[in-house]
Amino acid sequence: QVQPVESGGGSVQAGGSLRLSCAASGYTYYMMAWFRQAPGKEREGVAALRSGITVYADSVKGRFTISQDNAENTLYLQLNSLKPEDTAMYYCAARGGSRYPLSLLDPTSYNSWGQGTQVTVSN
């Protein structure tokens, strides 16, 4: 497996937008997701996809969109209407396959992680 590489984080004002990218060159994963972790908090699932199915955390529904470019093995997360509480390190996660059902927003379902990209939203 290839370790995913995130990019696209940055600092924006509340209400702004960012687009995160996750490159996994040369490898097609069974399922992929975005997680985030703020200082002092647990890592939480933000959005995930598998076989065309997408799921989102309630806190980001209607604001974030996960998508995938299969030709380039790249995962995206479009972040709109950003809020200060969205400030966190965002991680791309992936899994090559599984014989058993896995929860899409559970971090223990994934075995390949990127290094993270910081998103900071200010008032």
- Gln115 side, atom CD; Ser7 side, atom OG - distance, nearest 0.5 Å: 13.5 Å

- Note on the structure: Correct closest heavy-atom pair for Met32 and Ala94 would be CG-CB, 4.0 Å

- Message: I need the Thr120 OG1 to Met89 CE distance, nearest 0.5 Å.
- Response: 8.5 Å

- Task: Kindly assign one of parallel, tilted or perpendicular to the pair Trp113 and Phe35, based on the angle between their ring planes and the thresholds 30° and 60°.
- Result: tilted

- Item | Heavy-atom side-chain contact between Pro4 and Ser112 under 4.5 Å | yes

- Does Asp58 come within less than 4.0 Å of Lys61, counting only side-chain N to carboxylate O? yes

- With distance as the sole criterion, is a donor-acceptor pair present between the side chains of Asn80 and Ser17 under 3.5 Å? yes

- Message: Test your reading of the model: is there a side-chain donor-acceptor pair from Arg95 to the backbone of Ser109, 3.5 Å cut-off?
- Response: yes

- Query: Taking atom CG of Leu104 and atom CE of Met31, what is their separation to the nearest 0.5 Å?
  - Reply: 4.5 Å

- Verify side chain to side chain contact (heavy atoms under 4.5 Å, CB included) between Leu105 and Val55, making sure each step is shown before the conclusion. CA-CA 8 Å; Leu105 292 181; Val55 295; 3.8 Å; yes

- So do Trp34 and Leu75 actually touch side chain to side chain, heavy atoms under 4.5 Å? yes

- Query: Of all residues at least two apart in sequence or in a different chain, which pass the ring pair (Phe, Tyr, Trp, His ring centres under 6.0 Å) check with Tyr91?
  - Reply: none

- Message: Return the CD to SG distance between Gln3 and Cys92, rounded to the nearest 0.5 Å.
- Response: 10.0 Å

- Does any non-hydrogen side-chain atom of Ser21 lie less than 4.5 Å from one of Glu6? no

- Message: Just to verify, which of Val121, Leu20, Val12, Asp86 counts as forming a side chain to side chain contact (heavy atoms under 4.5 Å, CB included) with Leu79?
- Response: Leu20

- Message: Side chains of Leu82 and Leu18, heavy atoms from C-beta outward: is any pair under 4.5 Å?
- Response: yes

Without placing hydrogens or testing angles, list every side-chain donor-acceptor pair under 3.5 Å for residues 37-49, not counting sequence neighbours.
{"unit_1": "Gln37", "atom_1": "OE1", "unit_2": "Arg43", "atom_2": "NE", "d": "3.3"}
{"unit_1": "Gln37", "atom_1": "OE1", "unit_2": "Arg43", "atom_2": "NH2", "d": "3.3"}
{"unit_1": "Gln37", "atom_1": "NE2", "unit_2": "Lys41", "atom_2": "O", "d": "3.1"}
{"unit_1": "Glu44", "atom_1": "OE2", "unit_2": "Arg36", "atom_2": "NE", "d": "2.7"}
{"unit_1": "Glu44", "atom_1": "OE2", "unit_2": "Arg36", "atom_2": "NH2", "d": "3.2"}

- Query: With a cut-off of 6.0 Å (strictly less than), are more than 12 heavy atoms of other residues, nucleotides or ligands near CD of Gln118?
  - Reply: yes

- Query: Measuring from Gln68:CD to Cys22:SG, what's the distance to the nearest 0.5 Å?
  - Reply: 9.5 Å

- Task: Look up atom OH in Tyr110 and atom OH in Tyr30, then write down how far apart they are to the nearest 0.5 Å.
- Result: 9.5 Å

- Task: Of all the heavy-atom pairs spanning Ile66 and Tyr56, show the shortest one and how long it is.
- Result: N-OH, 2.9 Å

